[in-house]
Amino acid sequence: MNEPIQAILVGAGQRGSDVYGAYALKHPEQIQFVAVAEPNEERRARFASQHKIPAQNQYPSWDPLLEHPRLGQAALVCTQDQQHTAPALAALHAGYNVLLEKPMATTAGECRQLVATAEETGQQLHISHVLRYTRHFQTMREIIQAGDLGDVVTVSHRENVSWWHMAHSFVRGNWRRESDSAPMILAKCCHDLDILVWLLDGHCERLSSVGGLRHYRPENAPEGAPHHCLDGCPVRDTCPYYAPFIYEDLLPLWRNFAEGAKGLPRWMAQAQERAPGLVKALGKVLPDVRQVSDYRGWPCSVVAHDPTPGNVRAALREGPYGRCVYHCDNDVVDHQVVAMQFEAGLSVTLTMHGHSHVEGRFTRIQGTRAELQAVFGFGGSWIEVGFHRSGEKKRYDTSDANSGHGGGDDKFTAAFVKSLSAGDDAAALSTARQALESHLMAFAAEEARLEESVVRMGAFR
Ligand SMILES: NC(=O)c1ccc[n+]([C@@H]2O[C@H](COP(=O)([O-])OP(=O)(O)OC[C@H]3O[C@@H](n4cnc5c(N)ncnc54)[C@H](O)[C@@H]3O)[C@@H](O)[C@H]2O)c1
């Protein structure tokens with residue numbers, strides 16, 4: 001049995017703390033955090049206390065931590081999109097193996113620089129393309145590779161961002177402005193472009209793209225709507241975006257969850273709308289039910305550090321998540337389509353939009369012998385293959401509720417630890433070099449959308 005990996009954390013926000021921090025607390029025999037850099041005092045103190053990090057290893061920013069002699073084998077860089085390159089490069093130069101959040105960087109030049117620096121320093125650099133590690137997409141890839149579909153002719157993949165997730169992250173939240181984060185096709189869809197490249201095991205030869213910001217604009221605001229929902233909005237009883245409806249009642253979250261879930265989780269999510277008092281009472285005796293009745297996770301945990309009902313209400317009164325969706329300073333698109341031609345003449349489309357009733361990735365693949373349809377959902381996932389000759393339909397339940405992103409979050413972290421313990425990333429699925437292609441496709445798609453052009457990937461690469 002190997003000793004646990006000693007790790008440092010850069011950015012103790014939602015991903016750093018709630019995903020990787022939580023993983024280390026569940027698996028102390030695999031990975032332990034020995035230092036943290038985080039400017040927000042409350043988050044830094046909470047992470048340090050959870051992981052028993054001594055005061056001298058708590059830093060207000062990544063730069064002094066990475067100037068310090070190396071404190072472990074791994075650095076997990078979980079800052080916001082525009083703050084990935086500098087700490088990741090510094091960590092590689094300081095001799096750390098790095099887990100870097102996606103997107104790896106917001107320019108093609110920086111992505112290439114990261115890949116080159118990992119190769120020059122000999123350190124491992126893993127990008128959090130967690131979907132490659134899910135049961136769902138691994139099963140889909142196995143079906144394609146086994147030849148069950150015959151030759152794949154065309155793929156349509158949809159990233160259906162629900163209307164309330166769109167409002168939360170891309171209208172009111174951290175990814176609303178391209179200059180502060182990244183174009184939506186990179187921020188949200190580098191995962192999707194990556195999974196297409198991986199599923200099809202091939203390269204995109206050319207692509208074009210259309211899209212824009214259609215709905216979340218001031219001219220679409222209902223008459224008399226104030227800048228904050230709680231300032232007496234005249235449409236508070238009918239507007240789906242009314243902030244207390246999304247963050248206090250949490251009905252959009254539970255309705256969406258119930259769509260894909262089964263059994264008790266589905267019943268609980270539905271009962272939360274019809275009989276919240278009953279769910280609360282059952283939660284007093286059944287710990288599983290408390291996960292619904294006392295839910296304090298995403299997106300509430302983003303609205304307030306300690307999302308008690310009082311803190312959430314206060315944050316909605318003053319903070320960004322209480323803003324009217326028509327009066328924000330957002331500029332990223334709310335819909336975009338990318339049309340791609342892959343090797344061997346295969347045609348592929350990706351549709352991303354922020355107006356879905358239900359959150360989820362839908363994939364449809366037509367082959368010469370069978371067709372595959374799949375849903376990667378919030379509460380559960382499935383794949384169905386229909387065979388042309390026999391008429392048989394084969395269904396796979398690919399749900400995995402063991403961690404976020406259909407189980408991908410924990411499996412990716414486990415694979416990172418395993419690669420470090422082995423001293424070799426040969427078995428890893430999302431090294432920086434593997435992630436580069438999808439990032440370049442996202443930059444190309446944005447160029448094609450803005451310039452109304454067709455981009456040939458050979459020249460672009
Ligand atoms: N892999 C995925 O599927 C996935 C999902 C969601 C988000 N992300 C990505 O993860 C990254 C982090 O997202 P998040 O939601 O955790 O954001 P967050 O804002 O919750 O966390 C970022 C943290 O970095 C801290 N920070 C800022 N400046 C710093 C500095 N100089 N030194 C150290 N820390 C600093 C912030 O205070 C904040 O706590 C983003 O790039 C996001 O796009 C990836």
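For ligands, and for the atoms within them, numbers begin at 1 and follow the listed sequence. For this chain, numbers begin at 1 and follow the sequence in order.
Checked options Arg15, Lys102, Glu101; the residue passing with Ser128 is Glu101 (criterion: side-chain hydrogen bond (donor to acceptor under 3.5 Å, both in side chains)).
Using a 4.0 Å cut-off between charged nitrogen and carboxylate oxygen, Lys418 and Asp424 do not count as a salt-bridge pair.
Around NE2 of His355, the count of heavy atoms belonging to other residues, nucleotides or ligands within 6.0 Å exceeds 12. Environment of CZ in Arg433: sparse, with no more than 12 heavy atoms of neighbouring residues, nucleotides or ligands closer than 6.0 Å.
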Measure from every N or O atom of ligand 1 to the protein's N or O atoms and keep only the pairs below 3.5 Å, writing each with atom names and distance to 0.1 Å.
residue, atom, partner, partner atom, Å
ligand 1, 1 (N), Arg15, NH2, 3.3
ligand 1, 1 (N), Glu101, OE1, 3.0
ligand 1, 1 (N), Ser128, O, 3.3
ligand 1, 1 (N), Ser128, OG, 2.9
ligand 1, 3 (O), His191, NE2, 2.9
ligand 1, 3 (O), His405, NE2, 3.2
ligand 1, 16 (O), Gln14, N, 3.2
ligand 1, 16 (O), Arg15, N, 2.8
ligand 1, 17 (O), Gln80, NE2, 2.9
ligand 1, 19 (O), Gln80, NE2, 3.1
ligand 1, 20 (O), Gln14, N, 2.9
ligand 1, 28 (N), Gln83, NE2, 3.3
ligand 1, 31 (N), Ser61, OG, 3.0
ligand 1, 32 (N), Trp62, N, 3.2
ligand 1, 37 (O), Glu38, OE2, 2.6
ligand 1, 39 (O), Glu38, OE1, 2.6
ligand 1, 39 (O), Glu38, OE2, 3.1
ligand 1, 39 (O), Arg43, NH1, 2.5
ligand 1, 41 (O), Thr79, O, 3.3
ligand 1, 41 (O), Asp81, N, 3.4
ligand 1, 41 (O), Asp81, OD1, 2.5
ligand 1, 41 (O), His84, NE2, 2.9
ligand 1, 43 (O), Asp81, OD1, 2.6
ligand 1, 43 (O), Lys102, O, 3.4
ligand 1, 43 (O), Trp175, NE1, 3.3

Would Leu131 and Trp198 count as a side-chain contact (heavy atoms from CB on, under 4.5 Å) if you check the C-alpha gap in whole Å, the side-chain angles of each, and the deciding distance to 0.1 Å? CA-CA 10 Å; Leu131 299 189; Trp198 185 65; over 6 Å; no
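Counting only N and O atoms by type, the side chains of His136 and Asp400 include no donor and acceptor under 3.5 Å apart.
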